[in-house]
Number of protein chains: 2
Amino acid sequence: MSSMTAPRPLPIRCADCPIRYRAVCSPCDEGELQELERIKSYRTYEAGETIAWAGEKLSLVGSVVEGVAMLSSTLADGRRQMVGLLFPSDFLGRPGRESVSYDAVAATRVTFCMFQKREFERLITRTPRIERRLLEMTLDDLDAAREWMVLLGRKTAREKIATLFVIMARREATMHDQPAGDGLRFPLYISREAMADYLGLTIETVSRQISSLRREGVFTLEGNRTVQIHDLARLIEEAGDDADGGLAN
Amino acid sequence: MSSMTAPRPLPIRCADCPIRYRAVCSPCDEGELQELERIKSYRTYEAGETIAWAGEKLSLVGSVVEGVAMLSSTLADGRRQMVGLLFPSDFLGRPGRESVSYDAVAATRVTFCMFQKREFERLITRTPRIERRLLEMTLDDLDAAREWMVLLGRKTAREKIATLFVIMARREATMHDQPAGDGLRFPLYISREAMADYLGLTIETVSRQISSLRREGVFTLEGNRTVQIHDLARLIEEAGDDADGGLAN
DNA sequence: CCGTTTCCTTGATCCCGATCAAGAGGAGGG
DNA sequence: CCCTCCTCTTGATCGGGATCAAGGAAACGG
């Protein structure tokens, strides 16, 4: 598919915002890069700070440069479900849509590289390649959401925790261009409460399942939020996935 | 946003495939319509027939014209979770992707208006407006998936059933350009097992919750698969949604 | 028409994860 | 340092939905 459109293989990066070109406009030509450069800006939120409320009109779109943000929805009586976790290079905002659909909250201190939605939309209209890239990213998000639906609807508490840890481990390894394997250390970034909201559990159940896997030697914890994997194969097995499904590749 | 791109307001329809233009290429100009006309074809599947397996390379994309199809994923031990339900005008397939991610099965006899993926992609490349439309549709799918994540992760069995019925009722009313209200009759289309897979429940729980709501006079059943609503307000209340969330508008 | 199959309902019981409750551990500020 | 706040862990109990089991009802083919 990329063979259809890519004018050259990339990667292009910019010094102060290395993630941006991967996320928004890979590939871009020089003119498009300069235009993006002109309209970009940065914004940092502290941990716990609300970036946007569901239903609010948001005039910015952009990518996470550093840190982690959460997308979540709250029922009338306060039950909360996280519907997405945004890591560096992930895109926030919906070009062509009036308002955001979910609460966006900073999980850690998080920095965005942002664009005025209006200007970004104008650029998109002139640059089909960026629109193609947005479609790509949205399809990825859709796949991730559907994979998570399987977890929420059908997995046990233990499988949910194992799946989350496997995904976090893979992410961390990929980020540092390492193979994922035993001995890998990585931060969880989010609180037990956030994990519970992500996995459709309570914090007590999250805590118990983590303790259980830790006691069985699958991993150890350094402090509360850093994991060191000891038996990745076991963790993958505990994740209970489909034979050829998402985690196996 | 449509004000940015739409050359005219629409709707354009074609006699033998009225849905297609809404789904795939609204708006289109005459040349694009003729091109789509040239490469389209129809395909019908019987209820229960598999349209595509997860991981399979699928060279077709297209819209449902009539009937209902299901997208689902199965864990190693057979637990199944439905991740999407495709009604007329819904799009199946992923331009730019090699293979499908989920099993696609006909829930009823279902007819698609399909295009060879290759040719469709070629058309897209020349027609940014269709790509824009695909992005729109994918964003809608993403919203729906995330709304469903809230249901799967946080709603009770009773709330899940109520939500499903409200959505089905709204769909049916919209389809016939009626307001949704008490007295509305509509078919469920899918079996109890399919509902269970969609809602992350067992068939027994689905059956019990339906019986419970029926006994309380919220609706009646004609046969097993046709519902007549008697108290839509109550049903919406039982759905337990966020105050200003998806169902309320 | 009846026999078979498939789908659906209902009852009895069990168990996983929620809830209620208490306390331990860490971080930050005085 | 201690004190407070907050997060996390662990224990005891509860309950919603799963599981096991049986039978009813609709669909289908003869």
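If you're wondering where the values come from, they're calculated on a predicted model, not measured in any experiment.
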Q) How close do B:Lys160 and B:Leu152 get, heavy atom to heavy atom, and via which atoms? A) NZ-O, 3.9 Å
Q) Are the charged groups of B:Arg80 and B:Asp103 less than 4.0 angstrom apart, N to O? A)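 No salt bridge links B:Arg80 with B:Asp103.
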(Q) Any salt bridge linking B:Asp182 with B:Arg234? Criterion: basic side-chain nitrogen under 4.0 Å from a carboxylate oxygen. (A) no
Q | Interatomic distance where CE belongs to B:Met195 and P belongs to D:dG17 [whole Å] | A | 17 Å
Q | Rounded interatomic separation in angstrom, taking CD1 from A:Ile161 and C1' from D:dT9 | A |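 Spelled out: CD1 on A:Ile161 to C1' on D:dT9 is 14 Å.
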**Q.** Separation between CG of A:Leu232 and CD of A:Glu237, rounded to the nearest 0.5 Å
**A.** 11.5 Å
Q. From A:Glu216 CD over to A:His230 NE2, what is the distance, rounded to the nearest 0.5 angstrom?
A. 14.5 Å
**Q.** Contact pattern, 5' to 3', of nucleotides 3-19 of chain C - B, S or - by protein heavy atom under 4.0 Å
**A.** ----SSBBBB----SSB
